[in-house]
There are 2 protein chains.
Amino acid sequence: MAQKQGYLSKNQKIVLDYIEKANQPLKAYSILFNVQKKGLKAPPQVYRALDRLVEIGKVHKIESKNAFVACKNSSCTISNATAFSICDGCEKVTEISNPKLSKYLSGFQDNSGMKYNKYNLEFFGLCKKCR
Amino acid sequence: MAQKQGYLSKNQKIVLDYIEKANQPLKAYSILFNVQKKGLKAPPQVYRALDRLVEIGKVHKIESKNAFVACKNSSCTISNATAFSICDGCEKVTEISNPKLSKYLSGFQDNSGMKYNKYNLEFFGLCKKCR
DNA sequence: TTTAATATGTTATATTATAACATTGTTATA
DNA sequence: TATAACAATGTTATAATATAACATATTAAA
């Protein structure tokens with residue numbers, strides 16, 4: 001079942017399918033329980049798929065929630081530059097796709113001499129409904 | 001041992017002292033092992049102190065590392081607006097204190113109708129030494 | 001001085017994630 | 001086709017991170 005770069009393995013497809021159907025972040029063990037009917041029985045199978053999906057940008061990890069969400073930027077070319085809005089009320093998470101913001105952050109430099117190649121930004125607040 | 005806003009309880013002081021001495025992010029259990037000589041014996045004691053210290057901005061959590069670091073902005077008035085640079089090589093973490101950046105992000109709005117009151121930004125890359 | 005609120009101590013357990021190793025499938029090529 | 005090299009999978013066990021729940025104690029304020 002090896003495969004060329006860019007293709008997804010069986011387990012990766014199963015996990016991605018499930019994450020894409022939900023449009024909210026999912027916990028790894030919740031994914032596990034739900035893909036058991038598809039044959040994935042143990043945590044490493046899910047975590048390995050997640051690791052790879054995150055690596056290729058199909059899935060993002062919401063670090064403050066230890067949860068995983070499908071990438072909504074159809075191109076998925078900016079997985080090294082992620083931004084999310086998170087409602088503290090209903091927990092809704094939305095991927096922010098804002099060219100000005102990503103341009104600003106991708107070009108950010110400070111005087112530390114550090115060369116940045118990736119960032120992750122999480123905004124918190126209350127959405128319309130929860131306000 | 002209740003206390004006025006702004007003062008720290010015994011356990012909070014112990015934990016903060018220890019974190020401030022390190023100038024790198026520390027894991028909760030590593031803190032626990034090291035404050036056991038001071039009488040904090042169990043995880044909840046450490047996590048409770050951490051929760052409070054994070055709440056008041058004396059400590060920040062580096063979400064991508066599940067680690068805790070003392071706030072370096074002497075005023076600690078911006079704990080709702082945090083930014084860090086993280087070296088993927090040596091793992092060094094530095095709090096970014098950049099007025100332009102924080103102004104830009106604090107004022108950020110998108111068309112979602114969401115009202116943001118907090119953000120956390122993590123930059124990744126390689127520092128001078130690791131380049 | 002009782003009440004309410006905050007902090008602590010303690011045990012147990014929940015949740016998240018990885019180590020380690022055996023096996024199987026795939027690709028390339030000798 | 002055989003066989004080597006690699007990628008993916010399966011499996012068990014356990015490590016690492018975090019919280020629930022409840023008892024007790026301390027303090028501040030009504």
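Chain letters run A, B, ... following the sequence lines, proteins first and then strands; every chain starts at 1.
For A:Arg52 and D:dA7, the CZ to P distance is 10 Å, given to the nearest whole Å. C:dT6 atom P lies 14 Å from atom CD1 of B:Ile56, rounded to whole Å. Computed from coordinates, the A:Leu8 CG to D:dT9 P distance equals 10 Å when rounded to whole Å. Rounding to whole angstrom units, CD of residue A:Gln12 and P of D:dA8 are separated by 6 Å. If you take CG of A:Leu50 and C1' of C:dT18, they are 13 Å apart, rounded to a whole angstrom. Remark: P of D:dA7 and OH of A:Tyr7 are 18 Å apart, rounded to the nearest angstrom. Between the C1' atom of C:dT6 and the NZ atom of B:Lys10 lies a distance of 14 Å, rounded to the nearest Å. What separates CG of A:Asn11 from P of D:dA7 is a distance of 17 Å, to the nearest Å.
Under the Watson-Crick or G-U wobble criterion, with both distances below 3.5 Å, C:dA30 is paired with D:dT1.
For A:Lys92, the salt bridge (Lys or Arg N to Asp or Glu O under 4.0 Å) criterion is met by no residue, not counting sequence neighbours. Not a single ring pair (Phe, Tyr, Trp, His ring centres under 6.0 Å) links A:Phe33 to another residue, sequence neighbours left out. Applying the ring pair (Phe, Tyr, Trp, His ring centres under 6.0 Å) criterion to A:Tyr47, with sequence neighbours excluded, gives no partner residue.
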Donor-acceptor contacts under 3.5 Å from residues 17-32 of chain A side chains, at least two apart:
unit_1, atom_1, unit_2, atom_2, d
A:Tyr18, OH, A:Asn34, OD1, 3.4
A:Tyr18, OH, A:Asn34, ND2, 3.1
A:Lys27, NZ, A:Lys65, O, 3.0

Name each donor-acceptor pair under 3.5 Å that joins a side chain in residues 123-131 of chain B to protein atoms two or more places apart or in another chain, with its distance.
unit_1, atom_1, unit_2, atom_2, d
B:Arg131, NE, B:Leu126, O, 3.4
B:Arg131, NH2, A:Gly113, O, 2.4

> Which nucleotides of nucleotides 11-21 of chain D have their base under 4.0 Å from a protein heavy atom (B), which only their sugar-phosphate (S), and which neither (-), written as one string 5' to 3'?
Replying inline: BB----BBBBB

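One side chain, B:Ser112 or B:Asp110, offers a donor N or O that lies under 3.5 Å from an acceptor on the other.
For D:dA7, the OP1/OP2 oxygens have no side-chain nitrogen or oxygen of A:Ser9 closer than 4.0 Å.
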